[in-house]
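First up is the structure itself, then whatever we jot down about it.
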Amino acid sequence: MTWNSKRVWPVFVSSALLLASCGSKDEEAQQQQGPPPAVPVAVYKVQSEDVVSTDTYPGTVVPLNEVQLLAEVTGFLTNIYVQDGQHVTRGQKLYTIDRTRYAAATNEAQAQLDVAKTNYDRAVQDAQRYERLDKLDAVAKQQVDIAQASRANAASQVEAARANLRSVNLDLRHATITAPLTGTIGIAQVKLGGLVTQGQTLINTVSAEDPIAVDVNIGEADITRFLELQRNTSARQDSLFTLLLPGNQEYTMPGKIVTVDRAVDPQTGTLRVRVQFPNPKKLLKAGMNVTVRVRNQDNGNQLVIPTKALVEQLGEFYVYVVGDSNKVAQQKVATGAKIQGKTVVRQGLKQGQTIVSDGVQNLRQGAVVQVGDPNQPAAAQGQGK
């Protein structure tokens with residue numbers, strides 16, 4: 001037992017000595033290597049620029065005023081006075097529906113009115129005669145009453161005949177369709193000679209094109225902002241609303257809010273806003289899908305940095321600020337609009353500060369950086385110096 005203890009003890013001591021020896025060698029190696037090498041990065045001095053920033057919304061072009069031309073009488077379409085797509089003015093004659101029977105009905109109603117007037121005149125004379133005889137006590141009271149009732153009845157018949165004449169005259173006028181407003185007429189839905197039915201047949205549509213509107217659906221979070229834009233008269237004149245047409249074509253004329261709908265759509269959770277635009281060249285057509293651009297708060301002279309300088313962590317954004325001895329410190333920033341590879345910084349930086357613009361993926365808090373091309377290894381940059 002004593003012999004075994006003597007054999008184990010020297011082995012334990014020599015293992016401890018070996019570990020101590022390795023530890024001192026690692027420390028010596030670290031001291032010989034020195035601090036970690038500087039991380040090659042590119043830097044950017046924070047500065048302000050004139051910024052024009054917009055939020056975009058899909059929109060649909062709609063006419064501010066549009067009227068469907070429905071047949072108000074039944075008959076065959078006998079005349080067409082305009083071409084499809086033509087500009088028309090209010091009151092201009094557009095179409096005629098067969099007037100024959102409506103003209104005949106008007107003549108008949110006029111004759112009935114004339115007969116009613118004649119009957120009334122006779123009833124008036126009879127009543128007056130009986131009233132004079134009644135004063136002389138030369139006629140029965142009953143005859144006077146009958147004459148007066150006949151006069152009243154004849155007067156009622158005159159009014160009924162006049163109402164009937166007005167009704168048939170209205171039908172006669174409706175047989176000729178005129179433009180209800182100044183605008184552009186569409187493509188006719190009925191050909192010449194086609195049968196149209198009162199209150200059912202759509203003949204055509206006339207819509208005003210200048211000015212015209214664009215409908216935008218906004219989320220509930222944007223309602224307050226758009227209401228303020230509507231109330232701010234001076235802002236509406238400052239090109240807050242512009243359009244991008246299909247094919248990324250710029251529409252140069254600015255718009256203004258004319259209507260904010262009364263209620264949020266419960267199915268979509270959006271509110272409709274109508275923006276009016278001048279349309280002198282008729283480039284905007286009803287039904288066209290466009291992009292509405294609305295200027296936001298990130299306009300004018302703003303601090304901007306390269307977007308690639310930002311580091312996102314749990315929904316927040318940070319940059320690396322270069323300090324003394326080229327050490328970097330992580331700084332939280334509040335960002336705004338992104339414009340052509342740059343991002344507006346609303347809070348967290350000052351003009352003139354130097355930040356890392358490229359190579360942030362290789363950095364940590366307190367790291368030392370070497371200004372240069374971050375795509376080259378450190379050894380290559382050292383050779384270039």
Side-chain angles (χ1 to χ4, degrees), residues 60-123 152-213 215 258-259 261 272 274 276 279 282 284-288:
T60 303
V61 179
V62 296
L64 281 170
N65 197 0
E66 180 178 79
V67 178
Q68 292 183 330
L69 302 178
L70 287 171
E72 295 186 79
V73 294
T74 299
F76 294 99
L77 198 66
T78 56
N79 291 287
I80 298 178
Y81 302 102
V82 293
Q83 295 180 349
D84 293 343
Q86 178 180 327
H87 179 78
V88 297
T89 56
R90 183 175 181 178
Q92 181 178 343
K93 187 186 293 187
L94 305 177
Y95 305 99
T96 298
I97 300 169
D98 186 12
R99 296 165 49 94
T100 306
R101 62 172 173 171
Y102 300 109
T106 299
N107 293 334
E108 181 181 356
Q110 182 63 57
Q112 290 175 351
L113 177 60
D114 292 341
V115 170
K117 285 181 177 180
T118 300
N119 292 335
Y120 174 73
D121 291 340
R122 186 179 62 210
N153 183 52
S156 299
Q157 289 178 350
V158 170
E159 291 303 318
R162 283 175 176 165
N164 182 54
L165 180 60
R166 286 194 295 266
S167 177
V168 295
N169 268 331
L170 188 62
D171 286 342
L172 182 61
R173 288 198 300 270
H174 286 165
T176 300
I177 300 173
T178 60
L181 54 87
T182 298
T184 302
I185 195 166
I187 297 176
Q189 304 299 304
V190 182
K191 302 298 183 181
L192 186 65
L195 177 65
V196 298
T197 303
Q198 180 181 7
Q200 297 182 17
T201 305
L202 174 63
I203 300 175
N204 211 325
T205 302
V206 179
S207 59
E209 289 191 295
D210 185 24
I212 205 165
D215 280 355
V258 291
T259 305
D261 208 353
R272 184 170 58 175
R274 180 160 291 177
Q276 176 181 306
N279 190 31
K282 309 299 188 293
L284 301 177
K285 296 294 184 181
M288 180 185 291

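Everything quoted here is computed from the prediction, not taken from an experiment.
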- [ ] Report the C-alpha separation of Q110 and T106 in whole Å, then their side-chain angles, then the decisive distance to 0.1 Å, and conclude whether the side-chain contact (heavy atoms from CB on, under 4.5 Å) test is met.
- [x] CA-CA 6 Å; Q110 182 63 57; T106 299; 5.6 Å; no

Open item on the list: Closer than 3.5 angstrom, by distance alone: can the side chain of Q198 be matched with the main-chain N or O of E72 as a donor-acceptor pair?
Closed with: yes

- [ ] Report yes if the side chains of L77 and K191 come closer than 4.5 Å at any heavy-atom pair, otherwise no.
- [x] no

TODO: Give a yes or no on this: more than 12 heavy atoms of other residues, nucleotides or ligands lie within 6.0 Å of atom OH of Y81.
DONE: yes

- [ ] Give, for atom CD of E66 and atom CG of L181, the distance between the pair rounded to the nearest 0.5 Å.
- [x] 9.0 Å

- [ ] Kindly indicate whether the side chain of L70, heavy atoms from C-beta on, has any atom under 4.5 Å from the side chain of T201.
- [x] no

Task: Test log, rule side-chain contact (heavy atoms from CB on, under 4.5 Å), inputs K117 and L113 - done: CA-CA 6 Å; K117 285 181 177 180; L113 177 60; 3.9 Å; yes

Task: Heavy-atom pair with the smallest gap, counting every atom of I80 and V190 - done: CD1-O, 4.5 Å

Task: Note, V196 side chain near T74 side chain (heavy atom, < 4.5 Å) - done: no

Open item on the list: Whether the side chain of N279 engages the backbone of L284 through a donor-acceptor N/O pair (distance < 3.5 Å, no angle test) should be reported.
Closed with: yes

Open item on the list: Please find the pair of heavy atoms, one from L195 and one from G75, that lie closest to each other, and give the distance.
Closed with: CD1-O, 3.3 Å

TODO: Count the heavy atoms of every other residue, nucleotide or ligand shown that sit under 6.0 Å from OH of Y95, and state whether that count exceeds 12.
DONE: yes

TODO: Would you check if the side chain of T259 reaches a backbone N or O of R274 as a donor-acceptor pair within less than 3.5 Å?
DONE: no

Open item on the list: Run the side-chain contact (heavy atoms from CB on, under 4.5 Å) test on T178 and L94 for me, step by step, so that the C-alpha distance in whole Å, both residues' side-chain angles and the decisive distance to 0.1 Å come before the verdict.
Closed with: CA-CA 5 Å; T178 60; L94 305 177; 5.5 Å; no

Open item on the list: Between D84 and A188 (side chain of the first, backbone of the second, donor and acceptor by atom type, cut-off under 3.5 Å), is there such a pair?
Closed with: yes

Task: Modelled atom types, side-chain donor and acceptor of N169 and Y102, under 3.5 Å - done: no

Open item on the list: Working to the nearest 0.5 angstrom, can you tell me the gap between E108 CD and L165 CG?
Closed with: 11.0 Å

- [ ] Flag the pair T176 / K93 as yes when at least one side-chain heavy-atom distance between them is below 4.5 Å, and no otherwise.
- [x] yes

Task: Shortest non-hydrogen separation from I97 to T78 and the atoms involved - done: C-OG1, 3.9 Å

Task: Heavy-atom side-chain proximity of P180 to V67 below 4.5 angstrom - done: yes

TODO: Quick one: closest heavy-atom pair of A175 and R99, and the distance?
DONE: CB-CG, 3.7 Å

- [ ] List the atom of V206, the atom of L69, and the distance in Å for their closest heavy-atom pair.
- [x] CG2-CD1, 3.9 Å

Task: Main-chain N/O of G186 paired to N204 side chain as donor or acceptor, under 3.5 Å - done: yes

Open item on the list: Rounded at 0.5 Å granularity, tell me how far NE2 in H87 sits from CD in Q92.
Closed with: 8.5 Å

Task: Side-chain touch Q112/V115, heavy atoms, less than 4.5 angstrom - done: no

TODO: Search all heavy atoms of N164 against all heavy atoms of A109 and return the closest pair with its distance.
DONE: ND2-CB, 3.4 Å

Open item on the list: Side chains of E209 and T184: any donor to acceptor distance under 3.5 Å?
Closed with: yes

TODO: For the pair Q200 (side chain) and T197 (backbone), establish whether a donor and an acceptor sit closer than 3.5 Å, ignoring hydrogens and angles.
DONE: no

Task: Q86 side chain vs Q83 backbone, donor-acceptor pair below 3.5 Å - done: yes

Open item on the list: Any heavy-atom pair between the side chains of V61 and K285 that's under 4.5 Å?
Closed with: no

Task: Student check: side-chain heavy atoms of V88 and T182 closer than 4.5 Å - done: no

